[in-house]
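Following: one structure in structure tokens, then a few remarks.
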Amino acid sequence: MDVASPALPSVAGGVPARRRRAVVRWAVHATWVAGLALATELRVGRFGFHPTDQGFILAQAWRVLQGEVPHADIISARPLGSAVLHVIDFALPGPLFFASSFFAMVEIILATIAFAVLVMRRPVLTWGAGRTALVAATALVNLNGFPLMAWHTVDGITLTACGAWALDAGLRSGKTLPRLGGLLLLGSAVFMKQSFVPAALIGLAWTLSYPDRKRRLIPDVLALGAFGLGYVAWVTAGGGFGEMVTQLTGAVPAYGERLLGLWLDDPGTLMLPPVRELTFFAAIAIVLVLVRLTGDRLGVAGRAASWLLALGGAAAVVWTVADGRFTGSSRWADVLWWILAMAVVVNATVRKRLPWAGLLVLATGFMTSLSWGNDTPTLLTGTLALTALLLVAGILPERALVRRRFARPWVTTTAGLATVALCGWVVVAYHDEAAYRDLSHDKLTADLGSVSPAMRGIRTNPATFAYVTQIRDCLNHYPAGRTAVLPDNPFAYPAFGLRNPFPLEWPLPPEIVGDAPERMLATADRLNHEGDYLVIFETVPNQTLADGGPVPSSVPADTPNVDYLGLENTIRAKLTGQPVVCGSFVGKWAPRQGS
């Protein structure tokens with residue numbers, strides 16, 4: 001006892017010491033995530049504003065905060081899981097639109113980290129500065145030219161990635177909480193957008209592939225379906241079950257045909273940028289597989305050829321990003337998806353087993369491409385590229401020897417920081433040239449914070465600033481208990497704290513599902529009966545705002561308004577309130593009785 005007892009304090013003291021080191025490491029990672037998100041928001045995210053989709057999800061979240069029930073009170077072609085999630089944005093410190101944009105970047109970074117952990121098979125706490133910097137650079141490429149805003153696709157990607165990360169950790173360690181938490185996140189991804197249904201199926205197949213699945217089946221299935229069960233119960237209690245089914249099944253479907261048929265319509269694109277990089281990568285992949293399958297029979301020549309071919313493949317990936325110029329029309333994201341598909345085949349052929357993490361990234365890229373307007377995995381470009389590089393690197397010979405000789409900490413750290421700086425510079429340069437549906441950086445001279453405190457720090461062009469100011473002035477001049485700004489202004493509801501009487505924030509043609517036209521017109525009849533409303537219609541098309549104007553200071557009362565499918569014109573004609581003009585807006589106002 002006398003000999004053994006002195007060791008006890010050392011052992012006991014070692015556990016807290018390890019925990020403290022782990023806490024410090026987690027704090028360091030949390031700091032760089034928050035720091036990168038804040039820096040990106042300050043330099044990129046807050047510059048440029050468009051009244052359409054940059055407030056769409058926030059408007060739905062605002063309605064949820066007011067106690068409205070999805071599908072019963074809010075018509076939506078998608079589940080409104082994102083509206084539920086982004087209630088968080090209203091609780092974040094700082095102006096609403098700034099904080100929401102910051103949160104969106106945090107989501108992108110977390111998704112990037114989660115996929116990197118799964119593909120690298122290295123826990124975050126073991127990452128050095130070089131690996132961390134590489135992942136940070138990947139997150140910036142994932143952002144590329146996308147606007148920083150609350151968006152259902154970003155939510156779906158993040159929940160899929162983080163759910164898979166937690167599920168993998170739980171299954172490998174045998175711990176219940178991360179396993180069930182991961183399944184909960186994967187099941188929740190489905191309710192951000194229907195295109196993420198495969199995420200739940202992947203989670204189910206994943207957990208069933210591990211031992212003791214019979215013992216875990218009931219809690220695992222319940223965790224996977226927990227969010228969905230709660231969502232359906234909430235909608236059903238609010239009387240919207242039938243509407244939910246009609247709305248979610250009545251929208252125009254997306255099949256990913258543009259991604260899957262990248263070169264089929266015109267095989268000649270295989271020799272044009274950036275698709276030509278796919279051709280180059282495919283040729284390299286074939287030769288690399290043949291070289292690696294020979295084993296050691298080629299000796300030093302085979303090992304050298306493998307590394308040279310891998311470097312050529314890496315050059316093809318990097319050049320795809322350069323050739324893509326961060327523009328969706330170039331199809332660069334589609335090219336990266338196909339390059340990753342080939343990298344999966346190369347890795348599986350050489351290593352004789354499927355790289356499941358690479359397949360997960362590939363599947364998430366396909367889910368991301370299932371969209372009406374952005375039918376390409378653009379929001380996953382950095383992860384697609386990084387995963388392809390890692391899968392090719394995973395089949396190279398003598399990796400440990402090369403790491404010992406060349407991967408010194410100062411080398412990897414310098415290379416990683418240089419990559420972050422380069423990617424950051426490219427992202428900033430792209431956004432400065434033309435922010436999302438807005439003008440170049442030097443023309444974004446107006447701060448919307450002087451119009452609404454919720455938009456403090458958001459910069460836009462003078463035309464859009466005048467347009468938003470006209471909405472505010474109209475609200476002040478014609479007060480009403482219920483206000484609608486149709487059709488392209490969902491941002492106005494959370495920005496000015498308005499109660500939208502209509503069941504749609506943004507009545508675009510694809511969003512008109514189920515009995516949406518009838519319900520919109522019935523709302524107009526109810527407003528006529530009850531009074532106390534203001535409904536204004538834009539006369540300046542949203543593309544004009546993106547081009548910097550002009551926005552007239554006043555228009556005649558009979559000026560035609562922007563109209564989709566004739567719905568807005570019918571509502572305007574049906575409303576019996578007093579005709580009003582607010583700058584470039586026209587509308588109808590019925591003051592509260594007795595006011």
Side-chain angles (χ1 to χ4, degrees), residues 21-22 24-44 105-106 108-144 277 303-304 306-324 326 336 339 343 381-432:
R21 287 195 294 271
V24 169
R25 292 193 186 106
W26 278 119
V28 169
H29 283 287
T31 299
W32 80 257
V33 169
L36 180 61
L38 182 59
T40 307
E41 169 61 9
L42 287 170
R43 187 58 186 83
V44 171
M105 189 63 199
V106 170
I108 291 172
I109 297 171
L110 289 178
T112 307
I113 292 172
F115 279 130
V117 170
L118 293 170
V119 176
M120 293 178 181
R121 308 309 294 159
R122 289 285 299 272
V124 173
L125 296 187
T126 66
W127 290 3
R131 196 180 298 264
T132 301
L134 179 62
V135 173
T138 301
L140 291 172
V141 178
N142 278 336
L143 170 63
N144 55 82
E277 277 75 63
R303 292 192 291 273
S306 296
W307 279 89
L308 289 174
L309 288 166
L311 289 173
V317 172
V318 173
W319 202 249
T320 299
V321 177
D323 259 353
F326 283 7
L336 288 172
I339 284 177
T381 44
T383 296
L384 293 172
L386 179 62
T387 305
L389 293 174
L390 291 172
L391 291 182
V392 171
I395 66 169
L396 293 177
E398 299 182 349
R399 297 192 305 276
L401 176 62
V402 171
R403 282 197 297 268
R404 284 196 300 270
R405 289 186 176 180
F406 300 104
R408 306 300 175 95
W410 70 268
V411 173
T412 56
T413 300
T414 302
L417 292 176
T419 305
V420 172
L422 177 61
C423 292
W425 176 78
V426 172
V427 169
V428 168
Y430 178 87
H431 281 267
D432 279 1

_Suppose we screen for side-chain hydrogen bond (donor to acceptor under 3.5 Å, both in side chains). Which residues come up paired with Arg25, at least two apart in sequence or across chains?_
none

*Partners of Trp32 by side-chain hydrogen bond (donor to acceptor under 3.5 Å, both in side chains), sequence neighbours excluded?*
His29

*With Leu42, which of Val44, Leu38, Thr40 fulfils side chain to side chain contact (heavy atoms under 4.5 Å, CB included)?*
Leu38

*Do Leu143 and Val427 come within less than 4.5 Å of each other through their side chains, counting heavy atoms only?*
yes

*Starting at CG of Leu390, measure out to CZ of Arg121 and round the result to the nearest 0.5 Å.*
12.5 Å

*Pick out which of Val28, Leu134, Ile113 makes a side chain to side chain contact (heavy atoms under 4.5 Å, CB included) with Trp127.*
Ile113

*Contact list for residues 388-398, test salt bridge (Lys or Arg N to Asp or Glu O under 4.0 Å), sequence neighbours left out*: Arg303-Glu398

*To the nearest 0.5 Å, what is the distance between OG1 (Thr132) and CG (Leu36)?*
11.5 Å

*Are more than 12 heavy atoms from other residues, nucleotides or ligands located less than 6.0 Å from atom CH2 of Trp307?*
yes

*Assess whether side chain to side chain contact (heavy atoms under 4.5 Å, CB included) is satisfied between Glu277 and Val321, documenting all intermediate values.*
CA-CA 10 Å; Glu277 277 75 63; Val321 177; over 6 Å; no

*Nearest heavy-atom neighbours spanning Val420 and Ala133*: CG2-O, 2.9 Å

_Distance-minimising heavy-atom pair for Ala385 and Leu336_ = CB-CD2, 4.2 Å

*Locate the shortest heavy-atom distance separating Ala37 from Val106; write the atom from each residue and the value.*
CB-CG2, 3.6 Å

_Worked verdict on Phe115 versus Thr387 for side chain to side chain contact (heavy atoms under 4.5 Å, CB included)_ = CA-CA 8 Å; Phe115 279 130; Thr387 305; 5.6 Å; no

_Is the shortest side-chain heavy-atom distance between Ile339 and Leu384 below 4.5 Å?_
no

*List for me each residue that meets side-chain hydrogen bond (donor to acceptor under 3.5 Å, both in side chains) alongside Thr381, sequence neighbours excluded, and say none if there are none.*
Asn144

*Pairs where residues 133-143 contributes a residue and the test side chain to side chain donor-acceptor pair (under 3.5 Å) is met, not counting sequence neighbours*: Thr112-Asn142, Asn142-Thr383

Contacts table for residues 411-419: side-chain donor-acceptor under 3.5 angstrom, sequence neighbours left out:
| from | atom 1 | to | atom 2 | distance (Å) |
| --- | --- | --- | --- | --- |
| Thr412 | OG1 | Arg408 | O | 3.3 |
| Thr412 | OG1 | Pro409 | O | 3.1 |
| Thr413 | OG1 | Pro409 | O | 2.7 |
| Thr414 | OG1 | Trp410 | O | 2.6 |
| Thr419 | OG1 | Ala415 | O | 2.8 |

_Side chain to side chain, Arg131 and Val124, heavy atoms closer than 4.5 Å_ = no

